[in-house]
Amino acid sequence: MKRIFICGVVMLLAFACGRDEDFDAMGTFEATEVTVSAEAAGRILDFSIEEGDTLSTYAQVGVIDTVQLYLQKLQLERQRASLKANRPDIAKQVASLQEQIDKQRTERRRVENLLKDNAATTKQLDDIDAQLNLLNRQLEARLSTLWNDAASIDENVSSIDVQIAQVEDKLLKCRIVSPIGGTVLAKYAETGELASVGRPLFKIADMNRIYLRAYFTSDQLADLQIGRNMTVTADFGGDKQYDYPGRIVWIASESEFTPKTVQTRDTRANLVYAVKIAVENDGRLKLGMYGEVRLR
């Protein structure tokens with residue numbers, strides 16, 4: 001009986017040692033997940049995606065009610081049109097004064113010629129010059145008022161243009177758009193529900209390029225560097241294991257305590273370093289699956 005017990009212990013130790021030699025680190029597969037939230041408030045009029053759907057980058061997947069924003073835009077456009085209609089036509093407003101000035105200048109030239117022939121008096125010329133000065137001052141004052149009025153209206157129009165641009169931006173944000181291409185992992189809202197700004201609507205991740213987050217002890221760091229290629233073995237349960245080529249894309253700069261769900265080659269080590277290894281997914285890899293890494 002004692003010999004049987006000793007043999008059993010020896011077999012367990014041999015299995016454990018063999019398992020340690022199979023891999024140098026272990027972790028789980030993950031992807032860059034993006035949670036898309038509502039950027040506008042209102043009732044969701046259309047949101048037809050389902051979990052598992054594949055979306056392209058910037059694909060529109062739904063829309064939030066835009067009626068009130070559209071009416072607000074129409075109101076602002078009417079206000080802008082009204083302001084533009086009231087903008088003074090400066091050329092027409094001063095046309096009468098300009099015509100009087102032109103007549104006085106013509107009359108001055110005529111009196112000047114008569115004065116040379118002693119057919120007019122100096123007083124007549126002085127009276128015309130005084131009238132010209134008065135008309136020019138009236139023209140300058142009128143132009144100053146008209147230009148100020150036009151500038152004020154132009155500023156108000158520019159302000160309304162900014163408000164219209166703000167409304168148009170809000171209208172665009174009523175469109176529910178996928179910021180990246182990938183697979184819908186979760187859906188948090190349905191058509192007909194009320195959306196509020198910041199409410200999560202769905203989660204998406206690029207499942208074509210995923211990462212194995214593995215943990216290595218400090219004595220293994222010397223064998224790791226960004227860009228190094230290595231073999232990643234995905235564990236599908238039972239005896240089903242598949243090898244994938246991987247490449248290190250990130251190494252943690254600080255150590256952390258070993259996660260409870262992860263084993264390392266040296267189980268006595270408490271502090272480990274996280275490493276992300278990029279793997280091209282052939283469609284079989286799923287998030288949360290376990291994977292192993294061999295350095296040799």
Q: Can I get a per-line list of side-chain donor-acceptor pairs under 3.5 Å for residues 91-106, giving both atom names and the distance, sequence neighbours left out?
A:
unit_1: Q93; atom_1: OE1; unit_2: R142; atom_2: NH2; d: 2.8
unit_1: T106; atom_1: OG1; unit_2: D102; atom_2: O; d: 3.0
unit_1: T106; atom_1: OG1; unit_2: R109; atom_2: NH2; d: 3.4

Q: Could you tell me whether the side chain of N133 and the main chain of D129 form a donor-acceptor pair under 3.5 Å?
A: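 The answer is yes, because a donor-acceptor pair under 3.5 Å joins these two groups.
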Q: Kindly indicate whether a cation-pi arrangement holds for K187 with F202, taking the cut-offs as under 6.0 Å to the six-membered ring centre and within 45° of the axis.
A: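 Checked: cation-pi criterion not met.
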Q: Do NZ/NE/NH1/NH2 and the carboxylate oxygens of E140 and R137 come within less than 4.0 Å?
A: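 The answer is no: the pair does not qualify as a salt bridge.
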Q: Can a side-chain donor-acceptor contact be found between R213 and T28 if the only test is distance below 3.5 angstrom?
A: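 Distance-only check fails for T28 and R213.
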Q: How far does OH of Y215 sit from CD of Q220, to the nearest 0.5 angstrom?
A: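 The CD atom of Q220 is 14.0 Å from OH of Y215, to the nearest 0.5 Å.
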Q: Test K276 against E30 for side-chain contact (heavy atoms from CB on, under 4.5 Å), laying out the working first.
A: CA-CA 9 Å; K276 289 178 68 173; E30 60 183 36; 4.0 Å; yes
Q: Taking all heavy atoms of K173 and all of A40, pick out the closest pair and write down the distance.
A: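 Smallest heavy-atom distance, with atoms named: O-CB, 4.0 Å.
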Q: So for atom OH, which belongs to Y188, do other residues, nucleotides or ligands contribute more than 12 heavy atoms lying within a distance under 6.0 Å?
A: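 Above 12, so yes.
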Q: Mind checking whether I180 and V36 sit in one hydrophobic cluster, side chains of I, L, V, M, F, W, Y counted as touching below 4.5 Å?
A: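 In one cluster: yes.
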Q: Measure the shortest side-chain to side-chain distance between V111 and T121 over non-hydrogen atoms and say whether it is less than 4.5 angstrom.
A: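 No, every pair of side-chain atoms sits at 4.5 Å or beyond.
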Q: If you take all heavy atoms of A186 and E51, which pair is closest and at what distance?
A: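 A186 and E51 have their closest heavy atoms at CA-OE2, 3.5 Å.
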Q: To the nearest 0.5 Å, what is the distance between CZ (R247) and CE (M230)?
A: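 Separation between the atoms: 11.5 Å.
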Q: I need the minimum non-hydrogen distance between T35 and P200, along with the two atoms involved.
A: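 What the structure gives for the nearest pair is CG2-CB, 3.9 Å.
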Q: Could you tell me whether Q225 atom CD has more than 12 heavy atoms of other residues or ligands within 6.0 Å of it?
A: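 Enclosed: over 12 neighbouring heavy atoms sit under 6.0 Å from CD of Q225.
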Q: Could you tell me if the side chain of Q163 sits less than 4.5 Å from the side chain of Q79, heavy atoms only?
A: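 When only atoms from C-beta onward are counted, Q163 and Q79 do not touch, as no gap falls below 4.5 Å.
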Q: Quick one: does any side-chain atom of D282 pair with a main-chain N or O of R284 as donor and acceptor, under 3.5 Å?
A: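 Yes; at least one donor-acceptor contact below 3.5 Å.
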Q: Given side chains that start at C-beta, do those of N113 and R110 come closer than 4.5 Å, heavy atoms only?
A: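 No, their side chains stay 4.5 Å or more apart.
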Q: If I compare all heavy atoms of Y244 with all of E280, which pair ends up nearest, and what's the gap?
A: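 Scanning both residues completely, I find the closest heavy atoms to be CD2-O, 4.0 Å.
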Q: Under the side-chain hydrogen bond (donor to acceptor under 3.5 Å, both in side chains) rule, what do T231 and D243 come out as? Steps first, then yes or no, please.
A: CA-CA 6 Å; T231 300; D243 290 341; 6.0 Å; no
Q: Determine yes or no for a side-chain-to-main-chain donor-acceptor pair under 3.5 angstrom, with R108 supplying the side chain and D126 the backbone.
A: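 No; zero donor-acceptor contacts below 3.5 Å.
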Q: Measure across A25 and A214 and return the closest heavy-atom pair with its distance rounded to 0.1 Å.
A: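 So the minimum-distance heavy-atom pair works out to CB-CB, 4.2 Å.
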Q: Quick one: do R294 and T233 satisfy side-chain contact (heavy atoms from CB on, under 4.5 Å)? Show the steps, please.
A: CA-CA 8 Å; R294 298 180 181 88; T233 301; 2.5 Å; yes
Q: Among N156, D154, N148, whose side-chain contact (heavy atoms from CB on, under 4.5 Å) with S152 holds?
A: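 Only one of N156, D154, N148 forms a side-chain contact (heavy atoms from CB on, under 4.5 Å) with S152, namely N156.
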Q: Any side-chain heavy atom of D206 sitting closer than 4.5 Å to one from T32?
A: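 Not in contact.
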Q: How many angstroms lie between CD in E77 and CG in D161, if you round to the nearest 0.5 Å?
A: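 It comes to 10.0 Å.
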Q: Measure the shortest side-chain to side-chain distance between V157 and I153 over non-hydrogen atoms and say whether it is less than 4.5 angstrom.
A: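 Answer yes - side chains close enough.
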Q: Give a yes or no on whether a salt bridge exists between E112 and K116, defined as a side-chain N under 4.0 angstrom from a carboxylate O.
A: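 Here E112 does not pair with K116 in a salt bridge, since their nearest N and O are not under 4.0 Å apart.
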Q: Do K73 and E168 meet the salt-bridge criterion of a basic N to acidic O distance under 4.0 Å?
A: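 Yes.
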Q: Find out whether V232 and E292 are in side-chain contact, i.e. whether some heavy atom of one side chain is under 4.5 Å from a heavy atom of the other.
A: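 In short, these two side chains do not touch, never coming nearer than 4.5 Å.
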Q: So, taking the atom named CD in Q68 and the one named CD in Q72, what distance separates them when rounded to the nearest 0.5 Å?
A: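 Answer for the CD-CD pair, Q68 versus Q72, is 9.0 Å.
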Q: Establish whether I210 and Y242 are linked, either directly or via other cluster members, by ILVMFWY side-chain heavy-atom contacts under 4.5 Å.
A: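 Cluster IDs for I210 and Y242 match.
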Q: Are F29 and F216 connected, step by step, through hydrophobic side chains (Ile, Leu, Val, Met, Phe, Trp, Tyr) whose heavy atoms are closer than 4.5 Å?
A: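 Per the 4.5 Å side-chain linkage, F29 and F216 are co-clustered.
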Q: Are L201 and V177 connected in the hydrophobic side-chain network, where two residues link if heavy atoms are under 4.5 Å apart?
A: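 The answer is no; the residues belong to distinct hydrophobic clusters.
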Q: When you measure from the side chain of D53 to the backbone N and O of E50, does any donor-acceptor pair fall under 3.5 Å?
A: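 Confirmed, D53 side chain pairs with E50 backbone.
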Q: Quick one: does any side-chain atom of R199 pair with a main-chain N or O of L194 as donor and acceptor, under 3.5 Å?
A: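 Here the side-chain-to-backbone pair exists.
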Q: Does the pair D223 and R228 meet the rule for a side-chain contact (heavy atoms from CB on, under 4.5 Å), with working shown?
A: CA-CA 9 Å; D223 297 325; R228 172 178 174 174; 3.7 Å; yes
Q: State the CG-CG distance between D65 and D46, to the nearest 0.5 angstrom.
A: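 Between D65 CG and D46 CG, I get 12.5 Å after rounding to 0.5 Å.
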Q: Tell me whether V275 shares a hydrophobic cluster with L285, the cluster being built from Ile, Leu, Val, Met, Phe, Trp, Tyr side chains joined at under 4.5 Å.
A: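 Both belong to a single hydrophobic cluster.
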Q: Is it the case that the side chain of T57 and the backbone of G181 share a donor-acceptor pair, with hydrogens and angles ignored and the cut-off at 3.5 Å?
A: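 Yes.
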Q: Tell me whether D235 contacts the main-chain N or O of G291 through its side chain, where contact means a donor paired with an acceptor under 3.5 Å.
A: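 Side chain of D235 to backbone of G291: no pair is present.
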Q: Could you report the tightest heavy-atom contact between A195 and I64, atom names first, then the distance?
A: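 Scanning both residues, the minimum pair turns out to be CB-CD1, 4.0 Å.
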Q: Distance from I251 atom CD1 to Y273 atom OH, nearest 0.5 Å?
A: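 These two atoms lie 11.0 Å from each other.
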Q: Regarding S158 and E155, do their side chains bring together a donor and an acceptor under 3.5 Å, going by distance alone?
A: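 There is no such pair (donor and acceptor under 3.5 Å, judged by atom type) between the side chains of S158 and E155.
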Q: Does a sphere of radius 6.0 Å around CH2 in W250 hold more than 12 heavy atoms from other residues, nucleotides or ligands, not counting ones at 6.0 Å or beyond?
A: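 Counting other residues, nucleotides and ligands, CH2 of W250 exceeds 12 neighbours.
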Q: Does some side-chain heavy atom of I164 sit less than 4.5 Å from a side-chain heavy atom of R80?
A: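 R80 vs I164: side chains touch.
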Q: Do the numbers put K286 on top of the ring of F236, so that NZ or CZ is under 6.0 Å from the six-membered ring centre and no more than 45° off the axis?
A: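 No cation-pi geometry.
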Q: Is any side-chain heavy atom of F47 closer than 4.5 Å to one of I176?
A: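 Yes - at least one pair of side-chain heavy atoms lies under 4.5 Å apart.
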Q: For L55 and V61, what are the C-alpha separation, side-chain angles and deciding distance, and is it a side-chain contact (heavy atoms from CB on, under 4.5 Å)?
A: CA-CA 9 Å; L55 306 178; V61 297; 3.7 Å; yes
